[in-house]
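Reviewing the structure listed below.
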Amino acid sequence: MRENESSERETAGTASRPLTVADALALPVLAAGQPQVVTGVDHLDRPVRWVHITELTDPASFLKGGELVLTTGMPLPEEPAGVRRYVDELADVGAAALVIELVRRYHRPPAALVDACRARGLPLVTLAADVNFLDVTQVVHALLLGNQADAMRRTQRIHEAFTALTLRGAGPREVVRAAAQTSGRTVVLENLVHQALVCEPSGRTLEEALTGWERRSRAAPPRERTEVCGPEGWLVAPVEYQGERWGRAVMLPARTGPSAFGPEDVTVLERTAMALTIARLIHATPWERTAHRGALRDLAEQRHRSPADAHARFAALGLPVADCSFVAVRVDLPAGADDAEAERRLSETLRAAGVPTLVGVLAPGRLGVLLALRTAGTWRPAVERLSLGALAVDPDAVVSVGSEVRDLPAAARSFREAGRVAEAVPPGAPPPEGRSFHELSDIGLRRLLYALREDVRIQEYAERRLGRLADHDTRHGTDLLTTLRHYLDAAGNKTTTARRGNLSRETVYQRLRTIERLLDCDLESGGQRTELHVALAALDVLRTR
């Protein structure tokens, strides 16, 4: 038996789950008896807590539940009523299974015994060959005790891991991620209104984990302690904040393999809830805000695995995603502004106005806003309301909007466009009359060049076309650049150029000839005038501070 101890442990396969009746029957020490399951084949996943050898007519008085009962059949009553009473007592106490050896008294199981076990759903297993019951108890008990020691070590490691997370001030996402990695199951943190703020999938996609989240969550009612509930069999644990329930941590059953939760899963989720409670006290930023920030950043940077994942995540946060159009807005705040306070106030303003949005800090001094609109083409009033709200928070804020898109993942393009608009707004430049925000149509030549002002090619172009003229003005104290500007703005009209520069026509002619000589160009050429006009506009934006 000792020689087979390692193989028996391997056969049992109980390193991470309780030993079951099926595991015990697969052990070589029992398999040698040629076991045959007569009844209760659907209940072989019952956990075995202990092995009990008995030749008594009333063994149940010595049992506590979960025992694998071994007998030679010698004590079984002759009359069917006595057999039924014998089986009823075993079933009532919660015995895992009854194993009868068909060697001494019986060579086939009595019909009364089979009927009684079948009626009570008690697994009945027969052994066709002689088995040393003491060997069975020694092997199974060694496995059980070894598993208990392993479970204690694993539980200790769980406690140590979550204690370390708490001591280093881990945030909610890190805590939930650790729970998912430790348990190998999907873990979700939700608030009291059933919005999934953090989801760490394991063996599932975000779409599979979060689709229809609010409806599914409401079907799993709140519990005062960690337990399994709801039609899907979720394991849930309440999360508290300052003595009041704030939300709950949810562990979803595995999609493949064993779906039942074990003691270690309960330990993981309880420690998760405790770590989240402490994290809620440490981290001042409301977790809804953190969840919105993360979702908006992932959307803007196209980090979702699939469009379906994006839809499921935003829907789980409470944003309508079906039959909607979307508009991305960027709010740039002046240096020194309180990003979190601006985020909070803008969120409250939009919520009070009934505008379906998510608001989040994308970067220091920058807020991102995603609008969900039920009716296409109605974004301007909504953005105007948003923009006025942002300006009420900080009058120096700059609000830029991207184009309307019909699909949520396409909002990444809307965010990019809003960013390009923001980059093209010079300091202090007001929006066009009649609105308080900037949009793509506002980007003319000067704003385009302003957005590209850091590009070395723009700088080189301006210097190559106008550098000699600027150098001449610097060395000689002339103002030929201004004359060129007046000439180009007047579309080559020399009279208008003279009037705008308070110069005589002769002086204008002389200056234009000097400009042509210095720049080696023909000012009568429409194409060359266009090139010089672009170079002047580039020079202007490069000098903007």
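Please read all numbers here as calculations on a predicted model, not as lab measurements.
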Do [X] and [Y] come close enough that some side-chain heavy atom pair is under 4.5 Å?
| X | Y | answer |
| --- | --- | --- |
| Thr186 | Cys199 | yes |
| Arg289 | Ser347 | yes |
| Arg416 | Ser414 | no |
| Leu362 | Phe415 | yes |
| Leu386 | Val355 | no |
| Arg280 | Glu240 | no |
| Ser403 | Arg413 | yes |
| Phe437 | Val329 | no |

Donor-acceptor pairs under 3.5 Å, side chain of residues 387-394 to any protein atom, not counting sequence neighbours: which ones?
| residue | atom | partner | partner atom | Å |
| --- | --- | --- | --- | --- |
| Ser387 | OG | Ser436 | O | 3.0 |
| Ser387 | OG | Ser436 | OG | 2.8 |
| Asp394 | OD1 | Asp396 | N | 3.0 |

Show your reasoning for whether side-chain contact (heavy atoms from CB on, under 4.5 Å) applies to Val421 and Asp442.
CA-CA 8 Å; Val421 173; Asp442 299 337; 5.6 Å; no
Does the pair Ser217 and Glu190 meet the rule for a side chain to side chain donor-acceptor pair (under 3.5 Å), with working shown?
CA-CA 9 Å; Ser217 177; Glu190 68 169 13; 2.7 Å; yes
Taking side chain to side chain contact (heavy atoms under 4.5 Å, CB included) as the definition, give me every residue that meets it alongside Ala490, ordered by chain and number, with sequence neighbours left out.
Asn493, Thr496, Thr497, Arg500
Set of side chain to side chain contact (heavy atoms under 4.5 Å, CB included) partners for Asp455, sequence neighbours left out:
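Per chain and number, Asp455 pairs via side chain to side chain contact (heavy atoms under 4.5 Å, CB included) with Arg457, Ile458.
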Pair Ser306-Thr205, side-chain contact (heavy atoms from CB on, under 4.5 Å): steps then yes or no
CA-CA 9 Å; Ser306 69; Thr205 63; over 6 Å; no
Any chance you could measure [X], atom [atom1], to [Y], atom [atom2], to the nearest 0.5 Å?
| X | Y | atom1 | atom2 | answer |
| --- | --- | --- | --- | --- |
| Leu452 | Gln459 | CG | CD | 11.0 Å |
| Leu317 | Leu210 | CG | CG | 8.5 Å |
| Leu539 | Leu466 | CG | CG | 6.0 Å |
| Arg173 | Thr290 | CZ | OG1 | 9.5 Å |
| Glu200 | Leu206 | CD | CG | 8.5 Å |
| Arg468 | Leu518 | CZ | CG | 7.5 Å |

Would you be so kind as to tabulate the donor-acceptor pairs closer than 3.5 Å made by side chains of residues 367-380, with sequence neighbours excluded?
| residue | atom | partner | partner atom | Å |
| --- | --- | --- | --- | --- |
| Arg374 | NH1 | Ala322 | O | 3.0 |
| Thr378 | OG1 | Thr375 | O | 2.7 |
| Arg380 | NH1 | Glu439 | OE2 | 2.7 |
| Arg380 | NH2 | Glu439 | OE1 | 2.9 |
| Arg380 | NH2 | Glu439 | OE2 | 3.1 |

By the side chain to side chain donor-acceptor pair (under 3.5 Å) test, which pairs, at least two apart or in different chains, include something from residues 326-335?
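Counting only pairs at least two positions apart or across chains, the side chain to side chain donor-acceptor pair (under 3.5 Å) contacts touching residues 326-335 are Arg330-Asp332.
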Under the ring-ring contact (aromatic ring centres under 6.0 Å, His included) rule, what pairs show up with a residue in residues 380-399, not counting sequence neighbours?
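Passing the test, one end in residues 380-399: no pairs.
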Could you note down all residue pairs passing ring-ring contact (aromatic ring centres under 6.0 Å, His included) where residues 164-217 supplies at least one of them, sequence neighbours left out?
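For residues 164-217: Trp213-Trp234.
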Okay, side chain of [X], backbone of [Y]: is any donor-acceptor separation there less than 3.5 Å?
| X | Y | result |
| --- | --- | --- |
| Ser202 | Gly184 | yes |
| Arg185 | Pro253 | no |
| Asp489 | His486 | no |
| Arg204 | Ala209 | no |
| Asn191 | Gly247 | no |
| Tyr461 | Glu531 | yes |
| Gln528 | Asp522 | yes |
| Arg297 | Val361 | yes |
| Tyr487 | Leu523 | yes |

So which atom in [X] and which in [Y] form the shortest heavy-atom distance, rounded to 0.1 Å?
| X | Y | result |
| --- | --- | --- |
| Ala491 | Arg529 | O-NH2, 3.7 Å |
| Ser325 | Arg406 | CB-NH1, 3.5 Å |
| Glu343 | Gly360 | OE2-CA, 3.2 Å |
| Leu276 | Trp287 | O-CH2, 3.0 Å |
| Trp246 | Glu288 | CZ2-OE2, 3.9 Å |
| Leu408 | Val321 | CD2-CG1, 4.1 Å |

State, without any angle test, whether Asp23 and Thr20 hold a side-chain donor-acceptor pair at a distance under 3.5 Å.
yes
Will you find, in the side chains of Arg271 and Thr182, an N or O donor that is under 3.5 Å from an N or O acceptor?
no
Residues two or more places apart in sequence or in another chain: which of them pass side chain to side chain donor-acceptor pair (under 3.5 Å) with [X]?
| X | value |
| --- | --- |
| Arg351 | none |
| His472 | Thr478 |
| Asp479 | Thr482 |
| Arg225 | none |

What do the steps show when you test Met274 against Phe162 for side-chain contact (heavy atoms from CB on, under 4.5 Å), and what is the final call?
CA-CA 9 Å; Met274 185 182 302; Phe162 281 91; over 6 Å; no
For His533, ring pair (Phe, Tyr, Trp, His ring centres under 6.0 Å) partners two or more places apart:
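Listed in chain order: nothing, the list is empty.
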Can you confirm whether more than 12 heavy atoms, excluding those of Arg435, are under 6.0 Å from its CZ atom?
yes
Salt bridge between Asp298 and Arg313, side-chain N to carboxylate O under 4.0 Å?
yes
Mind running side-chain contact (heavy atoms from CB on, under 4.5 Å) on Leu299 and His304 for me, showing each step along the way?
CA-CA 7 Å; Leu299 180 66; His304 287 101; 4.3 Å; yes
